[in-house]
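Since the structure comes first, as structure tokens, the remarks are kept for the end.
A note on names: the letters A, B, ... follow the listed sequences, proteins ahead of strands, and every chain is numbered from 1.
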Amino acid sequence: MAANKPSIPKGTRDFLPSEMIRRDFIFDTIRKHFKRFAFMPIETPSMEKLSTLTGKYGEEGDRLIFKILNSGDYLRKANKDALAEGNSTKLTSSISEKALRYDLTVPFARFVVQHQNEIQFPFKRYQIQPVWRADRPQHGRYREFYQCDADVVGSDSLRYDVELLSLIDEVMSDLSLVDYTIKINNRKILAGLAEVMGIADQLTDYTVAIDKLDKVGEDGVIKELEGRNMPSSVISKTKKLFQLGDEEQTLALLDDWFSDSSIGKKGLEEIRYLLNGAKNADLRTAKIKFDITLARGLNYYTGSIYEVISNEVEIGSICGGGRYDDLTEVFGLKGISGIGISFGAERIYDVLMKLDRFPESAKEGIQLLFINFGNEEAKHCESLLREVRRAGINAELYPESSKMQKQMKFANANTVSWVAMVGENEMKNKTIRLKNMISGEQEDVSIETLIIKVKG
RNA sequence: GUGGAUGUAGCUCAGUUGGUUAGAGCACCGGAUUGUGGUUCCGGGGGUCGUGGGUUCAAAUCCCAUCUUCCACCCCA
């Protein structure tokens, strides 16, 4: 009986220990800073009610939600008309009422409304869990991936808008991702722009078009705007906007344009606060750039928006977020403003991998391996093993007294940092021959010295 | 979802116009080396050529379908 080659679904991955150690390093670093910024942990289920998710991510987003088939004889209850018509959209609601979460923000909004009497506002939460998207996989783009989110809800203070810049700065610096840019913009500015251009109803179309500036260039954007039948005044104003490279000039131009747009003025006020706040935040590595073309697809953002890109590796954004004023409203709770960011741990992994910038500690598997020389020696090592483990060292004793070469190979394969050899002589002298597997140096030491050395 | 590539051993890839038993390097296992790994030498295991059909005397090679991975669009972490 020939067994089928086992495999996993498209866009999903297995992770080997060597990969998991590095992934955990990233998650641990992000989690550490989330905690330092006083965010509290929560978790939500992998699946949500389909109705919770649909309509929150725009038409495109809805298509990418993984739906879960109802249990039991689901076809009996299916919408027969829709089935006969071959209308999947209509059929879906009758055969699926659950779906895998698409991101962590919308489930969080649901969570806030549901537990509003159990939490204290302003509520800062962090959440590190996988999400699923029925997207077509590509490099750096998976159907199952982790998001690391931090959000504050219940406060519209712009201090938090600034604080998130600091958080990004701390995390990126700590991950030694030193060359990156935080692009910032404000949806109110984009709304003001659409207003003064007289295309308020085509705001999304307009922002999607100018968002492509980096990719298709000015001519490409103009072509796209023309393709969407934008009036010529819009085209000329957009050209004018693009000609200004300087941040100050852009802001001054917008001041002029927004003289009659209250939303535009508000946006400018906010972005100035943010830029000024960033200057005073003593950022370690972050380069902040006001980018009028930054739009971000998710349509629940209403204020500040962020996107972080690496300047060293081309991989798309590695972190993104923004402020949203109405997200809890659809679940029945008004007046709760929120702001959050999401770190793309998977992409950060790819970037660190490409730059070979994981620290040695994130490559280490087992810290200490005891070589097995035989029954007597092994028995002696077992008590030493207990001792070093209690001292907080990740340690192992090789199970059999195999040939030294084999045991050393095992050590290499598991990226063991230190090897301890205790044979007849060492037992007699109550010492341990400790070998550093990177330098190759070795010396006879006491158990106390060993613990100090291995713990570094 | 639209368009385009790809798939041979665990990994990276050879494989001539269809023609015997499909190869290499690395990795793995064993030995040289009974207390010292990442070097060297010798030997060994491992592939129904992504999967399923079809054309042919004959298919890794040609055709179709399907899956995977990748690229562009869309969208995004």
Touch class at under 4.0 angstrom, heavy-atom based, for A/Val131 against every strand present: nothing
A/Glu43 bridged to A/Arg125 by N-O distance under 4.0 Å: no
Gap between atoms NZ and C1', on A/Lys10 and B/U69 respectively (whole Å): 10 Å
Between B/U48 and B/C11 - P atom distance, rounded Å: 13 Å
Pair partner, B/C62 [Watson-Crick or wobble, under 3.5 Å]: B/G54
Sugar-phosphate, base or nothing in reach of A/Gln442, heavy atoms under 4.0 Å: base
B/G1 and B/U17, which share atom name C1', separated by this distance in whole Å: 41 Å
Sugar-phosphate only, base, or nothing, as touched by A/Tyr146 at under 4.0 Å among non-hydrogen atoms: nothing
A/Ile309 CD1 - B/A77 P separation (whole Å): 14 Å
A/Met404 CE - B/U34 C1' separation (whole Å): 10 Å
Nearest-angstrom distance, P atom, B/A60 to B/U2: 33 Å
Atom C1', compared across B/G18 and B/C63: separation rounded to whole Å: 13 Å
With A/Arg323, the side chain to side chain donor-acceptor pair (under 3.5 Å) member among A/Thr302, A/Asp156, A/Asp161, A/Asn186: A/Asp161
Check: A/Glu426 side chain, B/G35 base, donor-acceptor under 3.5 Å: yes
Under 4.0 angstrom between A/Lys403 side-chain N/O and B/G31 OP1 or OP2: yes
Touch class at under 4.0 angstrom, heavy-atom based, for A/Gly140 against every strand present: base
Ring-base stacking, A/Phe145 with B/A77 (5.5 Å, 30° cut-offs): yes
Mate of B/G45 where both pairing distances stay under 3.5 Å, Watson-Crick or G-U: none
A/Gln138 CD to B/A5 C1', straight-line distance once rounded to whole Å: 12 Å
Within 6.0 Å of CE in A/Met40, more than 12 heavy atoms from elsewhere: no
Phosphate-side-chain proximity, A/Lys212 and B/C74, N/O vs OP1/OP2 below 4.0 Å: yes
Touch class at under 4.0 angstrom, heavy-atom based, for A/Cys319 against every strand present: sugar-phosphate
Sugar-phosphate, base or nothing in reach of A/Gly321, heavy atoms under 4.0 Å: nothing
Note: A/Asp174-A/Arg36 ion pair, threshold 4.0 Å (strictly below): no
Near-ring test A/Phe358/A/Tyr349, centroid separation under 6.0 angstrom: yes
Nearest-angstrom distance, P atom, B/C73 to B/C67: 24 Å
Nearest-angstrom distance from the residue atom NZ of A/Lys406 to C1' of B/G35: 17 Å
Pairing partner of B/U2 (Watson-Crick or G-U wobble, both distances under 3.5 Å): B/A72
A/Lys406/A/Glu400 salt bridge by N-O under 4.0 Å criterion: no
SB check A/Glu224 A/Arg228 (cutoff 4.0 Å): yes
Length of the line joining A/Arg133:CZ and B/A77:P, which is rounded to integer Å: 5 Å
Check: B/U69 base within 3.5 Å donor-acceptor of A/Arg136 side chain: no
Whole angstrom value for the distance that separates P of B/U36 from OH of A/Tyr398: 16 Å
Between P of B/C74 and CG of A/Asp205, the distance in whole Å: 13 Å
C1' gap between B/U21 and B/A58, integer Å: 15 Å
Rounded distance in Å between the P positions of B/U66 and B/G10: 27 Å
C1' atoms of B/G15 and B/G19, separation to the nearest Å: 14 Å
